[in-house]
Amino acid sequence: MSRPQVIGSDNQRAYSSLMQGLQELDLRGNATPGTLYLMGDHAFPLAMNMQGQVLMAASLFGRGRMVVLGHERYLTTLPALVENTLTWLRGDGSENLLVGIHQSCKPVADNLDETIFHGQVVEGFRQDLGVGVYVVDAWSMAPDVKSLVEFLKAGGGLLIAGQAWSWAGQHPKENVLLAFPGNKVSSVAGIYFTEHFSEAKCLSVFPPIPCHWNPDPVNFKDDLAFLLEGVSEFELKNECSEIQVHGHLAFPISTFLAGAYYGRGRVICVTHEALFGQQDFVPLWHNALRWLDQGRKGVVGVHPSLTDLPSMYGPSGLSCLNTDFTNELSVFVCTAYCDKMAQEMQDFVMEGGGLLIGGHAWYWCYCYPALNLLTDFAGNRILSKMGLNVLGATVQQGVYEAPDPDKAFVDHYHFHHMVSRFAKHVINGETLTAKEEGFLTQLRRDCATYLLMEANESVSYRQVVSHLTDIVKKAGIPQVSVNCPVSSVKDRLLLTIGAELYKCLDPDTLLPYLIRDNPSMPVVQHHQLEINANTAGQKEWISTGLYLSPGMKTYISLPAQIVNNGWKVQIGCQVDGLDHLKELRRAPCVHKTFNITTPMMQVWNLWGGLLYLVAPSNTQAEGLIVTVERAVLVPYYKSGVTTLAEWAELRTSPAPWAELEFDNIILTIPSSIIRDMERPDEVAALWDDIMKAIADLAVVSPKFPRKERFVADVQISHGFMHAGYPIMMLSSVVHEVFDLERARTHGLWGYIHELGHNQQRGCWEFAPHTTECTCNLWSVYVHEEVLGINRAEAHPALQPKSRASRPGDYVKQGKDLKTWNTWVALETYLQLQEAFGWGAFKNVFAAYQDMADVPKDNNGKMNLYTKTFSMAVEKNLCAFFKAWGWPIEAATEKELSGLPLWSDHPMVLYK
């Protein structure tokens, strides 16, 4: 009885078949329908009321199909629906027209006389009935649970009808999800009867599958009380990952610990496997194993890699042994680092097994930054369907209080519920409670993470996407800018929802709701460019001179040599992440990268941006031709290539960002800055001299292996400028880069400071003392050697009066290295320079380039620096550095004792 699987978009075809010929479902009368919960990839709603409660649903399990109706009377009051249901449950191509009908549902048999089906009324289900479909109410399947699950798994069709609200009233102390008879079978397909009921109404049938399912939150008070018996706190001795709880039947225990129901089974996840063996966690694991076992007193299998656990878990009262995974176990304990049997484990839990799984993802994220944590991390391949995700964010070591089960439900944040509440707030104007408003920051983080699951085959995932899409179409997103900053939690949430949705839906559909002012710009068609790359140990951006406007799609034809070889396409050069800032003047992330995996790629970015190819490290390429289907020309100047006549035309190119590429540096700035610039060659001459001086002091090749980049942005991650590739600077200071007269009178201290940062090397850096110090050696050098500005005039902190006071004050305060930083530390180096000249520094930097096995600690590195500088100037500098509080060792003094002592050093004055 093999049945075709119905997943993803196929659910729509199944729904259409089940609702064929129906325009309404009249549920009025004296039948009060119960509501259903759905979970997993295959369960989808058939009928939903205006409150978003599911009253009927369908799903798959194994090769079989299932339909659940929210009241047993619908078996007779909705004959057309029942006939459609039997047809769908029978399966495509099946010729078996025999329907087994439990005697409690005998009226169904009478209604089949006018159909193609033949009903056989039975007292209970038997495998030898030979039926293709079985009809039963939700209370009468208890004796046949095992055989019904096997029937369904093998390809049978099962129609269950009933409600659990009346049963729950008669069994107030029972867990409906576990104990209600219907759930013992329906839950394996991800459909649960609940204690909730709905008003009976006449529901219209629309072509698309109902969405916006809004289930009532589940109270996991009893589960938490069971799990936390005798547990008051958790002491973390390892750095754990955060855990995201997104399933309807999942619940948090702490930021690193959560549980969930999945089918007939249960799962507990902890985000570091070391906690399995931590002695003070053992009482929790004893409780967890009993909770997962569900009273079966079965065997707990512990993965062989966790060798010590069976003896620790023995006092739980369950038999524990090291073994690989098998279906015969009651509970399996394993780490989250292997998913070879992910499907088998999911089926195991779905059919009633228990899973205790542990592992963190932060190190995985560090090792695989280009992969999708939600879809590629082994643990999430297992857990995502169960409503849990292990995240890359970390939970720090420390003591965490266990939650109070009586308060947990009141204080409980639930992702799906909050998505629904925020949607009603935005679309219908419903007021959020103070507690719900407090959840919006977490909702923002969860929305961004959840959408990365790309679980388009999951009904619950598509439901969330549908909610979020409606939110964006109703409210749009804040048009964040310098003149329209964003700081409120709600606006930041809308900004995140819009940007993340844009990544996983058809961009053309959403774009008008996201970008309100998107002026049309003239484009060039089939633009060809030649790519050359010669990278060493670092990746390199290769400018194309092209720009894509917000949401603009283009195809790129790429040479075969760079396909699947680590190359990327990047749109946007403003790469700083701003999510940590309280106020935003642009979106937190405005660039996008694509791995080059095919010779023809379509690329786009919501925020638009300059178009680059990114060459990986250790790559040589020459004369490669790339063709861009359509894009906007950029005002792009390249020294030695672009003539002044060509620049006169190029500077009017419509793109809002421009690039000037000189011998050793590339400047990316707003086009408005250069529209009237007639002589970029004069700017190039200044920056060529600056970069030659940078290389000269560093004693490196005058031609940089990778050109430095300055990129302007309306807002950056910190400060008004910071080092890196690229060096980021605020757009408000860009004009200083091109004002040649100002540069030679007022200097360019900050810009050279950042270039100096990029020349710092850990072997002669003593972080944190010199982090903001030695970079300034380049600032002083360039100002004096290139710009002709004396150090005393280059920066206010270097005026003689300021400098004169620092050594004395430092000595008076005890020569504590904790205060030896920035300007105080720079004075040490300036005293050396003024005594021995720049040549001494060049000799020192050159010497370090040939060194191996440099110490890692500051004490060792400072002694090495003392020896290196002493050798460079042929004088014993131990006394000088000791006067500055450096931890000079006796061995260093002995090694340098043969050199003349520098006895008249500047610090002699401060003894």
Side-chain angles (χ1 to χ4, degrees), residues 11-12 14-38 43-59 65-89 101-102 104-112 114-115 133 135-140 157-169 176 180-183 186 189-216 248 420 459 463:
N11 286 355
Q12 181 59 53
Y15 173 79
S16 298
S17 176
L18 286 160
M19 295 295 142
Q20 184 176 0
L22 301 176
Q23 297 188 2
E24 64 180 22
L25 296 173
D26 192 350
L27 308 185
R28 293 171 296 186
N30 57 356
T32 301
T35 64
L36 307 171
Y37 283 157
L38 309 182
F44 59 95
L46 299 178
M48 183 186 298
N49 63 17
M50 293 295 292
Q51 289 71 46
Q53 295 172 305
V54 176
L55 310 181
M56 301 177 186
S59 189
R65 298 175 175 181
M66 177 189 293
V67 169
V68 176
L69 307 182
H71 200 286
E72 63 277 11
R73 291 186 182 174
Y74 298 155
L75 291 171
T76 53
T77 59
L78 300 171
L81 173 63
V82 171
E83 184 175 357
N84 287 349
T85 297
L86 296 177
T87 300
W88 182 73
L89 291 173
I101 301 171
H102 189 272
S104 62
C105 305
K106 184 178 181 301
V108 175
D110 301 332
N111 289 343
L112 296 184
E114 303 299 323
T115 71
V133 179
V135 182
V136 63
D137 67 45
W139 305 277
S140 303
L158 188 58
L159 172 57
I160 307 173
Q163 40 74 27
W165 56 263
S166 59
W167 182 92
V176 175
F180 180 64
N183 283 333
S186 67
I191 302 176
Y192 294 81
F193 294 88
T194 76
E195 67 271 28
H196 306 290
F197 57 86
S198 170
E199 184 179 356
K201 291 186 177 181
C202 186
L203 305 179
S204 298
V205 174
F206 298 101
I209 297 177
C211 60
H212 295 173
W213 170 38
N214 301 319
D216 298 298
H248 292 293
S420 173
V459 171
Q463 172 206 358

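Because only heavy atoms are used, hydrogens play no part in the values below, and waters and symmetry mates are left out as well, while side chains stay in.
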>> Using side-chain heavy atoms (C-beta onward) and a distance below 4.5 Å, is V68 in contact with M56?
In response: no
Smallest heavy-atom separation, A164 atom then T194 atom, equals CB-O, 3.3 Å
- Message: Using side-chain heavy atoms (C-beta onward) and a distance below 4.5 Å, is P181 in contact with W167?
- Response: yes
Residue pairs passing the salt bridge (Lys or Arg N to Asp or Glu O under 4.0 Å) test with at least one member in residues 23-38, sequence neighbours excluded, are D26-R28
Heavy-atom check, side chain of V67 versus side chain of L18, under 4.5 Å: yes
Correct closest heavy-atom pair for I191 and M66 would be CD1-SD, 4.4 Å
Distance col, row L46:CG vs L81:CG, nearest 0.5 angstrom, shows 7.5 Å
4.5 Å side-chain heavy-atom contact, L69 and L55: no
Heavy atoms of S16 and P207 approach each other most closely as OG-O, 4.5 Å
From the list V108, L159, L158, side chain to side chain contact (heavy atoms under 4.5 Å, CB included) partner of V136 resolves to L158
So do the side chains of V135 and L86 get within less than 4.5 Å of each other, counting heavy atoms only? yes
The ring pair (Phe, Tyr, Trp, His ring centres under 6.0 Å) partners of W165 (sequence neighbours excluded) come to F197
Residues passing the side-chain hydrogen bond (donor to acceptor under 3.5 Å, both in side chains) test with S140, sequence neighbours excluded, are S104, D137
Smallest heavy-atom separation, G162 atom then F193 atom, equals O-CE2, 3.3 Å
The side-chain hydrogen bond (donor to acceptor under 3.5 Å, both in side chains) partners of S166 (sequence neighbours excluded) come to Q163
Counting N and O atoms only, with roles assigned by atom type, does the side chain of T35 sit under 3.5 Å from a partner on the main chain of Q53, one being a donor and the other an acceptor?
-> no
Say whether, by atom type as modelled, one donor and one acceptor occur between the side chain of T76 and the main chain of R73 under 3.5 angstrom. yes
Value for OG (S204) from CG (L22), rounded to nearest 0.5 Å, stands at 12.0 Å
The ring pair (Phe, Tyr, Trp, His ring centres under 6.0 Å) partners of H71 (sequence neighbours excluded) come to Y74
### Query
Does C202 reach the side chain of L27, with side-chain heavy atoms less than 4.5 Å apart?
no
* Say whether, by atom type as modelled, one donor and one acceptor occur between the side chain of S186 and the main chain of Y192 under 3.5 angstrom. => no
* Checking N183 side chain against V176 main chain: does a donor-acceptor pair fall under 3.5 Å? -> yes
Query raised in the report: Stepwise, does the side chain to side chain contact (heavy atoms under 4.5 Å, CB included) test hold for Q23 with V205?
Result: CA-CA 5 Å; Q23 297 188 2; V205 174; 5.5 Å; no
Taking the side chain from R65 and the backbone from W88, do they hold a donor-acceptor pair closer than 3.5 Å? yes
On a heavy-atom basis, the closest approach of A189 and S59 is O-OG, 2.5 Å
Across all chains, not counting sequence neighbours, the ring pair (Phe, Tyr, Trp, His ring centres under 6.0 Å) partners of Y37 are none
On a heavy-atom basis, the closest approach of S198 and N49 is OG-ND2, 2.6 Å
